[in-house]
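These notes are about the structure you will find just below.
Atoms within each ligand, like the ligands themselves, are counted from 1 in listed order. Any value given below was found using the heavy atoms of this structure, including those in side chains, with hydrogens, waters and symmetry copies removed.
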Amino acid sequence: MKKALAVLLAGTMALGLGACGSSSETAAADTASTEAATEAATETASSEDTATTEAAAETTGAAEETSYDLSGSKYLSDGELTVGLNAAFPPFEYVGDGTDSFEAITSNEGNATGFDVAMMNEIGKRLGVNVVIEDMDFDGIVPAIGSKIDCGATGMTITDERKEAVNFSDPYYNATQAVLLPKDSDVKTEDDLKACKAIGVQAGTTGETVARGINDSAVVSVKSFNQAVLDLVNGKDDAVVIDQVPGEAFQKQYSDQLQLVDGSVFNFDVEQYGIAMPKDDEVMLNAINGALADMKADGTYDKLLDEYINNYEAE
Ligand code: ARG
């Protein structure tokens with residue numbers, strides 16, 4: 001999906017390539033899309049001339065090596081892949097300091113970084129499309145797929161309910177829910193969760209479903225995990241139900257205040273993350289699955305896991 005502004009930017013960018021600014025200007029430019037087109041173009045162009053040239057070369061190279069024909073894709077034939085995510089879910093997506101360079105990402109709302117961002121960048125490179133990142137509320141992502149965004153890549157669990165609205169890629173990560181608690185909490189079992197007064201969750205997540213199944217009246221549903229975790233740290237909530245790996249990331253960030261209890265203690269199910277896409281684009285589904293499989297086969301997927309998940313350190 002391509003917007004008029006993007007066309008304008010690309011055009012101006014090509015012209016502006018010779019006149020580059022410093023890389024510190026690039027770091028400061030976090031909301032280029034809201035700025036005047038020329039200004040944004042100068043800032044974008046400043047993201048290292050060499051990197052831009054290399055990225056272009058790589059993209060061409062990838063397009064030659066692999067054979068993704070996107071001409072029949074309803075959403076990608078314009079050369080742009082717009083990805084919705086909620087960047088408060090480390091290490092899958094979170095607000096970075098803007099220094100990570102993603103060659104295929106041409107617009108990155110809020111300097112999102114993390115595993116999903118790197119994965120979508122890699123998929124974009126392999127498909128030969130520009131990737132545009134939109135940071136949005138998690139519960140707004142599925143409804144926006146096929147209109148505001150082309151896909152959602154945001155640690156989203158594949159569920160039957162969501163499958164009624166969207167297609168999912170092949171699973172790319174196994175997950176489970178876990179429980180974040182204050183260090184001095186006595187909560188140890190499901191029965192203890194039933195006795196809690198306030199259990200924080202992010203609206204629209206599988207964690208919300210799990211928490212409601214245990215103790216519906218205690219559920220406090222908020223827009224972001226940053227908020228839920230803050231409420232926990234500040235003593236407003238007794239517990240937060242969150243995916244295991246992001247739970248570990250938040251626990252590390254507040255290691256003096258919080259502990260994380262494994263989902264296995266509560267018999268939580270295994271979940272799988274998938275990239276959510278519009279139902280009416282089989283070409284896109286096959287292309288994204290193909291690129292994912294290629295990344296897994298050639299070791300790139302494991303490299304990204306190492307870099308973004310195994311070696312994640314809270315920023
Ligand atoms: N895996 C859970 C779900 O699909 C939580 C995902 C939350 N993602 C996020 N970026 N906040 O519902």
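With 3.5 Å as the limit, one finds a donor-acceptor pair spanning the side chains of Q177 and D243.
Of all the heavy atoms of F92, none lies under 4.0 Å from any atom of ligand 1, so neither backbone nor side chain is involved. At a heavy-atom cutoff of 4.0 Å, ligand 1 is contacted by the side chain of D243 but not by its backbone. Under 4.0 Å from ligand 1, not a single heavy atom of Q272 appears.
Atom NZ of K296 is surrounded by more than 12 heavy atoms from other residues, nucleotides or ligands within 6.0 Å. Other residues, nucleotides and ligands contribute more than 12 heavy atoms inside 6.0 Å of the NZ atom of K279.
Relative orientation of the F266 and F268 rings is parallel, given thresholds of 30° and 60° on the angle between their planes.
For ligand 1 and R162, the ligand atoms under 4.0 Å from any heavy atom of the residue are 3 (C), 4 (O), 12 (O). Every atom of ligand 1 is numbered from 1 in the order shown, and the set under 4.0 Å from a heavy atom of Q202 is 7 (C), 9 (C), 11 (N). If you number the atoms of ligand 1 from 1 as listed, the ones under 4.0 Å from a heavy atom of Y273 come out as 1 (N).
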### Message
Let's go through F92 and Y308 carefully: what are the C-alpha distance in whole Å and the side-chain angles of both, what is the deciding distance for ring pair (Phe, Tyr, Trp, His ring centres under 6.0 Å) to 0.1 Å, and is it a yes or a no?
### Response
CA-CA 8 Å; F92 290 92; Y308 288 93; over 10 Å; no
### Query
How far apart are the C-alpha atoms of L292 and S169, what are their side-chain angles, what is the distance that settles it, and do they pass the side-chain contact (heavy atoms from CB on, under 4.5 Å) test?
CA-CA 9 Å; L292 255 183; S169 69; 4.0 Å; yes
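Between C151 and M284, the closest heavy-atom pair is CB-CE, 3.8 Å.
Among the atoms of Q177, none of the N or O lies under 3.5 angstrom from an N or O of ligand 1. Residue contacts with ligand 1: G155 is placed with a nitrogen or oxygen under 3.5 Å of a nitrogen or oxygen of the ligand (distance criterion only).
In this structure, atom 9 (C) of ligand 1 lies nearest to the protein heavy atom F89 CG, 3.4 Å. Among protein heavy atoms, atom 10 (N) of ligand 1 sits closest to T154 OG1, 2.7 Å.
If you check each of I242, T205, T157 against atom 4 (O) of ligand 1, the one with the closest non-hydrogen atom is T157.
Note on K183 versus D256: no salt bridge recorded, every NZ/NE/NH1/NH2 to OD/OE distance being 4.0 Å or above.
At a 4.0 Å cut-off, not a single heavy atom of L85 sits close enough to ligand 1 to count as contact. Residue E208 places no heavy atom under 4.0 Å from ligand 1.
Note: F115 and Y301 meet the aromatic proximity criterion, with ring centroids under 6.0 Å apart.
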